**Q** 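Here it is: the structure, laid out below.
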There are 2 protein chains.
Amino acid sequence: MPRFFIDENALRGDIITVTGGDAVHIGRSLRMRIGDEITFCREGKEFICTIDNITSDKVFCRVNKTVSSQCEPTLSLTVFQAFPKGDKAELIIQKCTELGASEIVFFISKRCVSRPEGKSAENKISRFEKIAEEAAKQSGRGKIPIIRGILTFEEAVNKLRKMQLPLFCYENGGKSFSEISFDGITECGVMIGSEGGFDSDEADSVTQLGITSLWLGKRILRCETCPIAVTAVIMNLTGNF
Amino acid sequence: MPRFFIDENALRGDIITVTGGDAVHIGRSLRMRIGDEITFCREGKEFICTIDNITSDKVFCRVNKTVSSQCEPTLSLTVFQAFPKGDKAELIIQKCTELGASEIVFFISKRCVSRPEGKSAENKISRFEKIAEEAAKQSGRGKIPIIRGILTFEEAVNKLRKMQLPLFCYENGGKSFSEISFDGITECGVMIGSEGGFDSDEADSVTQLGITSLWLGKRILRCETCPIAVTAVIMNLTGNF
């Protein structure tokens with residue numbers, strides 16, 4: 001059954017009204033008709049609907065059943081990623097969405113080469129949101145990960161420190177996964193560097209806050225490989241695979 | 001210290017002779033000189049050397065010390081990947097190499113869309129070997145993963161079944177990671193489908209051999225995300241992260 005995400009304004013009573021690109025997609029590309037079944041998702045809920053009416057630019061659907069998404073992980077995982085070069089951010093968003101991340105926060109650290117600001121940063125975030133939505137749809141997620149950014153290093157650390165289990169990936173050492181307990185953890189944040197990793201001052205400022213450093217072993221992972229691998233391992237360690 | 005992989009003919013006694021592109025890279029790009037230290041790797045061994053002489057197309061190095069690579073995982077992991085479309089094979093090779101895979105075997109299954117044969121397949125494998133070497137160098141691996149292919153489905157299954165722990169990723173169900181024991185496992189093979197997944201006949205033929213099906217949960221992973229995530233999780237489960 002086709003699945004679409006809706007925003008908060010789409011649902012009124014037991015009627016979902018779809019407009020814009022999704023309406024065109026449902027009516028013209030998928031050629032769906034009155035009476036066809038369709039699923040809408042929002043914030044971890046799934047609305048199983050029947051199409052009531054289709055106009056040239058709107059689709060009206062009746063909600064038959066509302067269920068919790070069966071595909072959302074029990075863990076809320078936020079990936080804090082220092083902004084990478086080229087199109088690596090896109091790859092990170094797509095893969096971390098499939099693997100179950102709840103939020104991806106981009107920030108600028110000392111060694112970031114690409115440092116988008118202002119309108120350019122805003123445009124990137126808009127594009128990233130579309131990539132997250134596309135990946136959420138394709139992988140059967142019940143919600144679209146939030147894309148946030150582009151924060152300063154300090155802003156990102158302030159957000160990270162408030163998490164139930166904050167982790168800081170550092171290539172110069174720290175605890176391995178086997179030394180970190182995920183028992184009872186429902187919220188985790190993990191901070192990952194850009195191509196050049198973190199400056200030692202940055203690392204000190206994070207560990208001084210009592211945030212655990214995570215060490216991924218002796219092989220050097222590229223900055224885009226690290227968030228994907230870490231998300232996969234944490235989802236497995238918390239029973240979400 | 002710069003690191004290069006050498007082939008078996010490069011080492012004679014305690015002298016390593018480098019020719020070809022690497023010799024040019026050492027002499028011209030890196031501007032290394034007589035007396036400089038350099039490391040060569042082969043099959044999980046590292047040779048710590050001093051440069052004895054440099055000519056326009058050769059570099060002669062003396063081995064001072066031979067050590068086992070500290071970066072190789074204790075697990076030998078073979079990824080059996082049904083041939084994917086586009087440039088996904090390159091991404092899989094690069095990421096699985098960084099994460100520690102020993103071998104990547106490509107094969108053709110019923111639902112593969114891209115089915116290279118003959119010269120085209122040979123050319124692809126040659127390019128893939130270069131990608132594996134590059135990723136091995138960059139991530140500090142002690143050996144370059146073997147790239148094999150392109151096998152038939154039957155050939156791949158025959159190779160998989162001989163492994164100590166053969167696993168078959170199947171989206172229609174199987175054991176989760178928590179139900180599979182990796183205790184004492186030193187050799188693991190994991191088979192992954194292409195975009196369309198596996199046909200039910202293919203799945204039956206594999207499970208009838210007693211090979212364990214691995215289920216990665218309800219979220220649908222793209223065919224290139226699966227090998228990366230599985231390699232990361234297995235490396236963590238075997239203490240290699």
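To find a chain, count down the sequence lines: A is the first, B the second, and so on, and within it residues start at 1. No experiment lies behind these values; they were computed from the predicted model shown.
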**Q** Name the region of A/E224, side chain, backbone, both or neither, that has any atom closer than 4.5 Å to a heavy atom of chain B.
**A**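 Side chain only.
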**Q** What option among A/S139, A/C71, A/G100 has the most heavy-atom pairs under 4.5 Å with chain B?
**A**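 The option with the most such pairs is A/S139.
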**Q** Between chain A and each of B/M235, B/R141, B/Q94, count heavy-atom pairs under 4.5 Å; write down the option with the most.
**A**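 Most pairs with chain A among the choices: B/Q94.
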**Q** Of all of B/Q138, B/Q70, B/E72, which one pairs up most often with chain A through heavy atoms under 4.5 Å apart?
**A**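 Highest number of heavy-atom pairs under 4.5 Å: B/Q138.
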**Q** Counting heavy-atom pairs closer than 4.5 Å to chain B, which one of A/G239, A/A229, A/G217 comes out on top?
**A**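 Most heavy-atom pairs under 4.5 Å with chain B: A/A229.
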**Q** For A/F241 and B/L216, which heavy atoms make the closest approach, and how far apart are they?
**A**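 Between these two residues, the closest heavy atoms are CD2-O, 3.4 Å.
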**Q** For chain A, which residues of residues 174-189 of chain B have at least one non-hydrogen atom nearer than 4.5 Å to it?
**A**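 Against chain A, the residues of residues 174-189 of chain B that fall inside the cut-off (heavy atoms, under 4.5 Å) are B/S176, B/F177.
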**Q** For B/I228, is it the side chain, the backbone, both or neither that has a heavy atom under 4.5 Å from a heavy atom of chain A?
**A**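 Side chain only.
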**Q** Show your working on salt bridge (Lys or Arg N to Asp or Glu O under 4.0 Å) between A/R219 and B/E98 and close with a plain yes or no.
**A** CA-CA 7 Å; A/R219 288 183 298 284; B/E98 290 172 56; over 6 Å; no
**Q** Apply the test side-chain contact (heavy atoms from CB on, under 4.5 Å) to residues B/N236 and A/L237: give CA-CA distance (whole Å), side-chain angles for both, the deciding distance (0.1 Å), then the verdict.
**A** CA-CA 10 Å; B/N236 187 56; A/L237 288 172; 3.9 Å; yes
**Q** By side chain to side chain donor-acceptor pair (under 3.5 Å), which residues pair with B/K124, not counting sequence neighbours?
**A**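 In terms of side chain to side chain donor-acceptor pair (under 3.5 Å), with neighbours along the sequence ignored, B/K124 is linked to no residue.
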**Q** Please rank B/P73, B/G140, B/G142 by heavy-atom pairs under 4.5 Å with chain A and give me the top one.
**A**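 Among B/P73, B/G140, B/G142, the one with the most close pairs to chain A is B/P73.
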**Q** Above 12 or not: heavy atoms from other molecules or residues under 6.0 Å from CZ of A/R115?
**A**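 Yes.
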**Q** Could you check whether atom NZ of A/K45 has more than 12 heavy atoms from other residues, nucleotides or ligands sitting under 6.0 Å from it?
**A**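 It does not: A/K45 NZ has 12 such atoms or fewer within range.
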**Q** To the nearest 0.5 angstrom, please state how far the CG atom of A/N240 sits from the NZ atom of B/K218.
**A**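 Result: 10.5 Å between the selected atoms.
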**Q** Let's test your reading of the structure: which of A/T225, A/L91, A/I234 forms the most heavy-atom pairs below 4.5 Å with chain B?
**A**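 Top option by heavy-atom pairs under 4.5 Å: A/T225.
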**Q** Take atom CZ of A/R127 as the centre, draw a 6.0 Å sphere, and report whether it contains more than 12 heavy atoms from other residues, nucleotides or ligands.
**A**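 Buried by this count: over 12 neighbours within 6.0 Å.
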**Q** Could you tell me which of B/L99, B/T231, B/V230 has the largest number of non-hydrogen atom pairs under 4.5 Å with chain A?
**A**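 Highest number of pairs under 4.5 Å: B/L99.
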**Q** Taking side chain as everything from C-beta outward and backbone as N, CA, C, O, which of these in A/L221 sits under 4.5 Å from a heavy atom of chain B? Side chain, backbone, both or neither.
**A**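 Its backbone and side chain both get close to chain B.
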